[in-house]
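Read the structure below first, then the notes.
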Amino acid sequence: MLERIKIYTMQTSDLEDPTAFEMLCHELSAERQAKIERAKLWKDQKLSLAAGILLDQGLRAYGLKEAEVRTGTGVHGKPYLPDYPGIHFSLSHSEDMAMAVFAETEIGCDIEYKKRPNDKLARRFFCPEEYEWLTRPQSQAEKKDRFYRLWTLKESFLKATGLGLYLPLDSFCFHIEEDQAGRTQIPFEKGHGGRTQISFEEGEETEDQNQFLIRRAGTTANVRQQVNSFQYEFAEYQFGEYCAAICLCDSYGE
């Protein structure tokens with residue numbers, strides 16, 4: 001099922017010009033504009049705008065516009081489209097990168113800029129099996145990578161279930177199997193107006209433009225959970241110093 005997802009990303013460095021920023025804001029819904037205005041920091045305003053642009057970009061693939069569709073929130077805060085129950089999406093952003101994913105079933109994504117990992121946080125929120133896998137490597141670089149791999153996987157699962165942080169992070173556990181299969185590289189596409197974004201069907205080949213979204217190959221992430229009886233699929237990605245994960249609900253595994 002992962003081959004049917006669509007992924008969009010954008011760097012907020014493309015939103016520095018105040019005139020372009022205002023113009024792009026006015027292309028979006030009043031709800032999104034209000035959310036952007038509520039952000040106190042310029043950095044957060046750009047991230048909110050980028051998320052809105054990517055939501056609009058994804059909806060246009062369905063013949064829709066962000067400014068013209070109703071959005072709602074579930075009991076635990078997950079956004080959805082009341083008038084289009086067959087379109088599922090998830091948004092995430094970190095530092096200066098925003099990400100959006102779309103699918104025909106429940107989906108969640110998370111992207112994080114890799115800073116120094118927090119061991120106290122890991123002890124508190126990771127299950128024992130995850131913490132053991134995290135602390136197994138000797139190099140600090142690999143430990144940092146593993147911390148954010150686990151964190152983004154767990155966040156993507158929380159979003160896909162729709163429960164968010166109402167579901168404790170240590171109430172489900174990931175097991176990651178790895179081999180030496182290498183990495184699959186998928187290039188970015190350039191959007192209009194200098195906005196860096198990507199839109200592709202998972203696995204689709206596109207022209208090499210010397211910027212790559214890298215999917216981790218040779219790894220399998222499985223979750224042990226008692227939230228529901230659904231099956232979930234996961235994909236992991238790297239964006240330079242960013243780590244990202246996508247979780248897709250496969251219903252009952254059909």
Side-chain angles (χ1 to χ4, degrees), residues 1-12 24-25 27-36 46-94 97-112 152-167 186 188-189 191 195-204 213 215 228 230-237 239 242 244-251:
M1 289 184 69
L2 281 169
E3 69 276 4
R4 295 200 294 271
I5 62 176
K6 293 184 179 181
I7 305 173
Y8 302 81
T9 67
M10 181 174 186
Q11 291 180 298
T12 59
L24 291 167
C25 277
E27 293 179 2
L28 302 177
S29 65
E31 181 182 2
R32 173 56 64 173
Q33 291 181 47
K35 189 170 186 177
I36 293 169
K46 291 187 295 180
L47 285 170
S48 184
L49 173 58
I53 291 171
L54 295 183
L55 177 57
D56 182 62
Q57 184 80 7
L59 289 173
R60 286 176 184 269
Y62 297 93
L64 305 171
K65 294 182 180 180
E66 187 274 343
E68 298 174 358
V69 300
R70 288 194 308 131
T71 57
T73 53
V75 176
H76 300 299
K78 183 177 181 179
Y80 71 102
L81 305 173
D83 300 323
Y84 301 95
I87 303 175
H88 300 269
F89 71 93
S90 181
L91 305 173
S92 182
H93 51 67
S94 177
M97 181 77 76
M99 178 180 187
V101 294
F102 290 78
E104 297 176 358
T105 186
E106 294 289 355
I107 191 168
C109 74
D110 187 54
I111 184 168
E112 299 289 342
T152 53
L153 283 166
K154 291 172 87 69
E155 286 281 354
S156 70
F157 176 72
L158 291 175
K159 290 183 177 182
T161 63
L163 295 174
L165 291 177
Y166 286 88
L167 180 66
I186 305 172
F188 281 100
E189 294 177 348
R195 303 198 297 270
T196 302
Q197 35 192 281
I198 182 168
S199 171
F200 63 90
E201 296 287 345
E202 183 68 42
E204 174 186 346
L213 161 65
R215 178 173 178 181
N228 53 46
F230 295 167
Q231 299 294 316
Y232 292 90
E233 294 185 64
F234 298 90
E236 297 181 79
Y237 299 87
F239 299 74
Y242 291 85
I246 295 172
C247 172
L248 185 72
C249 178
D250 193 14
S251 189

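Positions are given from 1 along the sequence.
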Can you give me every donor-acceptor pair (side chain of residues 79-88, partner residue at least two apart or in another chain, under 3.5 Å) with its distance?
{"from": "Asp83", "atom 1": "OD1", "to": "Arg70", "atom 2": "NH2", "distance (Å)": "2.8"}
{"from": "Asp83", "atom 1": "OD2", "to": "Arg70", "atom 2": "NE", "distance (Å)": "3.1"}
{"from": "His88", "atom 1": "NE2", "to": "Pro85", "atom 2": "O", "distance (Å)": "3.1"}

Taking only residues two or more places apart in sequence, or in another chain, which ones meet Ser48 in a side chain to side chain contact (heavy atoms under 4.5 Å, CB included)? Arg32, Lys35, Ile36
Find out whether Arg60 and Lys65 are in side-chain contact, i.e. whether some heavy atom of one side chain is under 4.5 Å from a heavy atom of the other. yes
If you compare all heavy atoms of Ala61 against all heavy atoms of Lys6, which two are closest, and at what distance to 0.1 Å? CB-NZ, 3.7 Å
N/O donor-acceptor pair under 3.5 Å between Thr105 side chain and Cys249 backbone: yes
Between atom CD of Glu66 and atom OG of Ser29, what is the distance when rounded to the nearest 0.5 Å? 3.5 Å
Phe234 and Phe157 aromatic ring geometry - parallel, tilted or perpendicular at 30°/60° bounds: tilted
Working for side-chain contact (heavy atoms from CB on, under 4.5 Å), residues Ser92 and Glu155: CA-CA 10 Å; Ser92 182; Glu155 286 281 354; over 6 Å; no
Which residues pass the side-chain hydrogen bond (donor to acceptor under 3.5 Å, both in side chains) test with Glu31, sequence neighbours left out? Thr71
Taken in chain and number order and not counting sequence neighbours, the residues that satisfy salt bridge (Lys or Arg N to Asp or Glu O under 4.0 Å) with Glu106 are Lys78
Going through the checks in order, is the side-chain contact (heavy atoms from CB on, under 4.5 Å) test met by Leu55 and Leu28? CA-CA 10 Å; Leu55 177 57; Leu28 302 177; over 6 Å; no
Please tell me if the side chains of Thr161 and Tyr232 come closer than 4.5 Å, counting only heavy atoms from C-beta onward. yes
Lys154: which residues meet the salt bridge (Lys or Arg N to Asp or Glu O under 4.0 Å) condition with it, sequence neighbours left out? Glu130
Please report the shortest heavy-atom distance between Gly162 and His76, naming the atom on each side. O-CB, 3.2 Å
Heavy atoms of Leu91 and Cys109 approach each other most closely as C-SG, 4.0 Å
Inter-residue atom distance Leu47.CG - Met10.CE, 0.5 Å rounding: 10.5 Å
Would you give the length of the straight line joining atom NZ of Lys46 to atom CG of Leu24, rounded to the nearest 0.5 angstrom? 13.0 Å
CD of Glu112 to OG1 of Thr152: how many Å apart, nearest 0.5 Å? 7.5 Å
Inter-residue atom distance Asp110.CG - Cys247.SG, 0.5 Å rounding: 11.5 Å
For residues Ala98 and Ala50, report the shortest heavy-atom separation together with the two atoms involved. CB-CB, 3.7 Å
Roughly how far apart are Gln11 CD and Phe239 CZ, rounded to 0.5 Å? 10.0 Å
With sequence neighbours excluded, what pairs up with Ala103 under the side chain to side chain contact (heavy atoms under 4.5 Å, CB included) test? Ile5, Ile107, Leu248
Contact between Tyr237 and Ile246 at the side-chain level, heavy atoms closer than 4.5 Å - yes or no? yes
